[in-house]
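This report refers to the structure that appears directly beneath it.
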Amino acid sequence: MRNQIEFEVSGKYALFTDPLTKIGGEKFSYQVPTYQALKGIVESIYWKPTIIWYIHEVRIMNVIQTESKGIRPIEYNGGNTLAYYTYLKDVKYRVRAYFDFNPHREDLVYDRNENKHHNIAKRSVQAGGRRDIFLGTRECQGYVEPCDFNEGKGFYDEVPEVDFGHMVHGISYPDETGRPERETRLWPVKMERGIIRFIRPEACELTRKTGEGVAKIFGSENMESVDQLHEELFAEGEKA
Amino acid sequence: MSWLANLSKTYDNHTDAIGNFEKKRNGREYALIPISHTTQSAHIEVILNGKGEFLRAKVIEKEEGSTIIPCTEAAASRTSAPVPYPLFDKLMYVAGDYEQYVGEVKKHTPHANYLEQLRTWCTSAYSNRKVESVYQYLQKGTLIADLVEYKVLWTDMQGKLLDKWVQEEGDESKEKPAIFKVIASDQSSAFVRFAVQIPGDTEPRLWRDREVQQSFIDFYNEQLAETDLCYVTGEQLPYADKHASRIRNSGDKTKLISANDSSGFTFRGRFRTSRDAASVSYEVSQKAHNALKWLIDRQSFTLDGKVFLVWGTDRLEVPDPAEDLFDYLKEEEDDSSAGDMAHREHALEVRKALSGFRYDGEYKSNVVIMTLDAATPGRLSIVYYRDMNRELFMNQLQHWHETCFWRHRYRKNENDKYVAFTGAPATKDIAFAAYGSRASDKVVKGLLERMLPCIVDGRPIPIDIVRSAISRASNPVGMEPWEWEKTLSIACALVNKTKEKEGFRVSLNKQLDDRNYLFGRMLAIADVLERRALGREEKRATNAVRYMNAFAQRPGRTWSIIQSNLQPYQARMGTDARYYNGLLDEVGSMLKPEDFTDAPLSGLYLLGFYSQRHDLYTKKDKGDTTQGQDSEQDNDQDDTEE
């Protein structure tokens with residue numbers, strides 16, 4: 001596929017919180033990552049407002065296992081609380097993702113250089129990503145490596161089909177939809193021979209509005225140019 | 001599939017079990033409850049006729065009190081503010097003459113609310129003839145008066161309900177009325193259920209009548225107007241505002257799904273209300289929670305509040321991974337040389353034992369393993385969840401029982417006699433072997449959860465558990481003999497599992513020249529020799545056993561102590577000791593000189609010890625003829641009381 005990258009992401013633990021258990025506070029992970037979680041990982045590898053990442057497919061390499069830990073979440077009003085969080089244990093995923101240009105960012109039209117972004121993205125995968133990688137939540141550190149999607153032996157390679165029922169696909173934000181609202185998308189998840197093939201966000205039929213907002217506008221009022229910053233940092237006469 | 005979807009699927013697969021009461025081992029009844037219903041213990045049963053006239057009433061025995069009652073969402077989570085159940089409820093709600101007999105109810109009007117709710121049901125399209133009779137009768141408002149007249153409830157001099165029964169002095173003839181035996185607080189909190197007798201109708205008990213139940217389900221379903229996208233089914237369905245509590249037991253207030261974020265930050269930030277964050281349909285929530293409660297009552301194991309549950313979504317019965325297969329495996333004959341069973345034969349036994357749980361065409365069938373626990377009193381958490389193909393599950397279980405095995409002698413058969421069996425120990429027994437029989441429930445439940453992945457996923461057993469069992473098995477002086485034997489054989493099973501690739505067996509491996517194994521064998525020979533020299537009456541521990549702990553740490557030095565202590569016994573036995581001395585020499589000569597050091601022994605020495613000892617006690621026909629009066633059974637299990 002055009003503008004595609006392939007990588008493997010692995011970690012000791014992962015927590016793709018099932019929203020039903022999140023609202024009470026005893027977080028319990030979904031069995032497999034959501035589209036949005038993988039999108040977040042790809043955006044940590046490389047992202048610019050010019051582009052939108054799409055996840056094509058994910059291959060579940062390791063057997064799906066859970067392990068719980070006793071957690072002391074932060075009580076914002078003081079005091080103590082305890083919870084059991086249930087994590088996925090020893091996860092390894094192979095991901096195929098590709099990018100398109102964000103049609104809602106007219107101001108960045110000049111930056112729409114496919115080859116440039118694709119090459120940066122590929123180099124970023126080689127480097128293990130530009131930012132920290134998380135598997136669902138902040139405490140689950142993940143590690144990215146370049147890989148061949150089809151290589152290696154996965155635990156579910158021989159399993160014809162596993163049905164995960166309905167899961168959250170992701171959340172649509174105004175900067176990518178152009179609509180002034182936030183929508184949660186659901187979709188029925190099926191894993192075939194270890195591979196989940198995602199549908200595009202706009203193909204999700206099950207959506208519900210879960211808030212409103214608008215895309216933030218960036219301009220000279222709320223951004224500082226590099227030259228200006230340089231002037232400030234290095235007073236006259238000093239050459240950096 | 002997600003846990004909620006699996007549970008609600010289990011409910012759908014077992015609709016024929018809805019409302020059928022079964023008895024638990026402790027005599028308590030349980031059932032798969034229909035949706036929009038819950039259970040309560042009733043105290044009083046009122047029998048009416050079809051015209052809504054009072055026929056009779058009785059006090060219900062405690063064991064029969066379990067009653068399926070219709071229930072609205074609001075009533076299910078009622079607290080101090082009175083919200084009536086739709087049909088059966090406490091006197092305060094159902095009796096129109098409650099104030100007359102008990103006292104004024106402040107602020108609220110429970111009876112009026114109750115009647116109004118019942119009226120809506122009776123005037124709806126889903127009304128039921130028998131429910132109408134109840135409505136007709138309760139409108140009269142004479143329930144307590146009727147019950148007092150029928151001598152179910154009792155009043156005092158002022159005509160109020162008695163708070164508690166006081167035996168009159170000198171009047172022993174009057175027995176305590178039944179109502180005071182079944183109710184913990186005073187009479188006014190009695191829970192009432194109704195039966196309506198109509199000629200030609202076979203089921204007068206409204207709480208067992210499927211038609212009445214269905215009529216309420218349909219009626220209530222219509223009341224639920226607000227729909228939302230269900231996160232489990234993906235359909236637009238009536239939305240569940242509140243979810244079930246009392247999941248683990250009737251006194252349990254914890255919920256699996258709850259939402260309370262007025263102060264912390266569980267979902268706020270991105271979402272304003274819990275509804276924004278997630279929504280579940282009423283039907284799925286009801287089905288899943290009712291199925292879960294039923295499964296927990298039916299086939300779970302609970303320890304210190306932690307619930308261990310394994311079930312099949314299509315066929316409920318699944319072998320429990322935490323149990324040994326003793327009840328299915330063939331017991332060994334006590335004095336034969338079984339126990340040398342070849343590995344292939346053992347594998348065959350396991351396969352046979354598990355075959356009862358295998359079915360054809362289980363390709364699509366799944367097994368769910370779920371463990372629940374609560375960190376705080378309000379919320380229940382799923383601490384372990386595994387949804388796996390049944391075939392795969394059975395294969396993993398089979399592998400576990402085929403590899404983590406040893407010969408055990410701590411289980412009793414139906415004649416209450418200890419018998420030997422070869423197999424994997426139950427997880428609970430592993431916990432006691434690793435942490436001692438006085439280990440607290442908190443520690444044990446942690447181990448049970450940690451062992452689950454070892455069994456169902458074939459992960460290695462956590463090394464601390466194995467080590468702990470080895471070091472306890474190396475310290476026989478600290479335990480009763482029976483407990484040590486049990487710990488020893490379980491430690492052997494664990495060691496055997498960690499050395500899975502080498503494929504050790506209970507029967508002695510005479511070729512193996514591993515240092516640990518040989519040291520273990522020597523210790524066993526010393527033990528058997530001394531035991532024999534001591535004779536049957538002498539129960540004290542042998543030097544070998546007493547020094548076992550030190551031996552495991554510093555085998556070289558300790559062996560010379562054991563050997564010098566052995567000399568008097570060798571002398572006492574005279575020529576009878578010849579076989580043992582020869583054996584000692586033989587094993588000793590296999591030990592390479594550079595291996596005869598003080599480096600601590602690995603757990604493998606326990607296998608050498610056990611196998612050699614077992615070999616000496618069972619192979620009576622071989623070797624010299626002077627031995628054979630003693631057997632293992634005599635010295636390890638005589639003083640066995642747990």
Side-chain angles (χ1 to χ4, degrees), chain A residues 17-31 62-86 88-90 155 159-168 171 182 184-189 205-211 213, chain B residues 1-6 9 228-236 243 254-261 263-267 270-280 363-364 366 371-376 378-389 392 449-450 453 456-459:
Chain A
T17 313
D18 184 338
L20 297 172
T21 59
K22 185 185 168 80
I23 52 177
E26 307 277 324
K27 292 192 196 175
F28 172 74
S29 180
Y30 269 141
Q31 305 288 290
N62 289 353
V63 59
I64 299 165
Q65 304 180 67
T66 66
E67 186 181 313
S68 69
K69 296 199 220 183
I71 297 288
R72 217 194 117 219
I74 297 165
E75 269 284 63
Y76 287 87
N77 300 324
N80 260 319
T81 186
L82 271 177
Y84 285 127
Y85 286 5
T86 304
L88 294 178
K89 170 95 179 130
D90 277 337
F155 186 86
V159 183
E161 190 183 289
V162 178
D163 187 0
F164 291 109
H166 283 84
M167 277 175 58
V168 167
I171 297 174
R182 215 164 36 227
T184 306
R185 310 183 301 268
L186 301 183
W187 75 303
V189 187
E205 283 161 10
L206 307 166
T207 58
R208 57 199 291 265
K209 205 183 133 199
T210 48
Chain B
M1 220 182 277
S2 86
W3 55 282
L4 268 176
N6 259 327
K9 186 175 152 198
D228 206 333
L229 182 62
C230 173
Y231 272 39
V232 179
T233 58
E235 288 166 51
Q236 281 286 339
H243 301 275
T254 60
K255 287 181 172 187
L256 269 168
I257 307 176
S258 61
N260 181 14
D261 193 11
S263 56
F265 280 89
T266 52
F267 60 80
R270 209 173 354 210
F271 303 112
R272 239 167 299 123
T273 63
S274 66
R275 179 101 170 255
D276 280 344
S279 76
V280 190
Y363 147 64
K364 278 255 179 184
N366 274 23
T371 305
L372 305 170
D373 202 356
T376 56
R379 303 181 309 246
L380 195 59
S381 170
I382 307 163
V383 290
Y384 185 88
Y385 178 79
R386 193 85 162 72
D387 170 13
M388 60 201 291
N389 178 272
L392 181 68
E449 193 197 324
R450 288 174 71 203
V456 298
D457 292 319
R459 288 177 154 267

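Owing to the predicted nature of the structure, the values given are computational and were not obtained by experimental measurement. Sequence lines set the chain letters: A, B, ... in the order given, protein chains first and strands last, and positions in each chain run from 1.
- Separating the OG1 atom in A:T66 from the CG atom in B:D387 is a distance of 11.0 Å, to the nearest 0.5 Å.
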Go through the steps for A:V159 and B:N389 under the test side chain to side chain contact (heavy atoms under 4.5 Å, CB included), then give the verdict.
CA-CA 10 Å; A:V159 183; B:N389 178 272; over 6 Å; no
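- Listed here is the closest heavy atom pair of A:H166 and B:T233: CE1-O, 2.8 Å.
- Interface check for chain A: of the options B:P453, B:S279, B:A5, the most heavy-atom pairs under 4.5 Å are formed by B:S279.
- Between B:R379 and A:T81 the shortest heavy-atom distance is NH2-OG1, 4.1 Å.
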Check the pair B:Y231, A:T184 against side chain to side chain contact (heavy atoms under 4.5 Å, CB included), reporting the backbone distance first and the verdict last.
CA-CA 10 Å; B:Y231 272 39; A:T184 306; 3.4 Å; yes
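- Here the shortest heavy-atom pairing between A:T86 and B:V383 reads OG1-CA, 3.5 Å.
- Residues B:D457 and A:Q65 approach most closely at OD2-OE1, 3.0 Å, considering heavy atoms.
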Could you give me the CA-CA distance, side-chain angles and deciding distance for A:Y84 and B:D373, then say whether side chain to side chain contact (heavy atoms under 4.5 Å, CB included) is met?
CA-CA 8 Å; A:Y84 285 127; B:D373 202 356; 3.7 Å; yes
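- Comparing B:F267, B:F265, B:F271 by how many heavy-atom pairs each has under 4.5 Å with chain A, the most go to B:F265.
- In this structure, the portion of B:L392 lying under 4.5 Å from any heavy atom of chain A is its side chain and not its backbone.
- Proximity to chain B is absent for every atom of A:S29, based on heavy atoms less than 4.5 angstrom apart.
- With a 4.5 angstrom heavy-atom cutoff, A:V162 does not touch chain B via any of its atoms.
- Among B:E449, B:R272, B:K255, B:R270, the residue making the largest number of heavy-atom pairs under 4.5 Å with chain A is B:R270.
- Looking at A:L20, the atoms closer than 4.5 Å to chain B (heavy atoms on both sides) sit in the backbone and in the side chain alike.
- Interface remark: A:I71 contributes no atoms to any contact with chain B (heavy atom separation under 4.5 Å).
- Contacts with chain B were tallied for A:T21, A:T17, A:I64, A:T207; A:I64 has the most, counting heavy-atom pairs under 4.5 Å.
- Highest contact tally toward chain A, considering only B:T371, B:D228, B:T273, B:V456, is held by B:D228 [criterion: heavy-atom pairs under 4.5 Å].
- Closest approach of B:G234 to A:L206, counting heavy atoms only: O-CD2, 3.1 Å.
- Remark: B:R450 pairs with B:D464 by the salt bridge (Lys or Arg N to Asp or Glu O under 4.0 Å) rule, at least two apart or across chains.
- With chain B as partner, the option from A:E75, A:Q31, A:K27 having the largest number of non-hydrogen pairs under 4.5 angstrom is A:Q31.
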Residue pair B:T376, A:E26: steps toward the side chain to side chain contact (heavy atoms under 4.5 Å, CB included) verdict
CA-CA 10 Å; B:T376 56; A:E26 307 277 324; 4.3 Å; yes
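- The part of A:F28 that comes within reach of chain B is its side chain, from C-beta onward, which places non-hydrogen atoms under 4.5 angstrom from that chain.
- Residue with the most contacts toward chain A among B:G378, B:S258, B:A278, B:S274: B:S258 (heavy-atom pairs, distance under 4.5 Å).
- Between A:D90 and B:R459 a salt bridge is recorded (basic side-chain N to carboxylate O distance below 4.0 Å).
- Here A:Y85 contributes atom OH and B:I382 contributes atom CD1; the two are 14.5 Å apart, rounded to the nearest 0.5 Å.
- Between the side chain of B:R275 and the main chain of A:T210, no donor-acceptor pair closer than 3.5 Å is present.
- When each of B:A374, B:A277, B:C230 is checked for heavy-atom pairs under 4.5 Å with chain A, B:A374 comes out on top.
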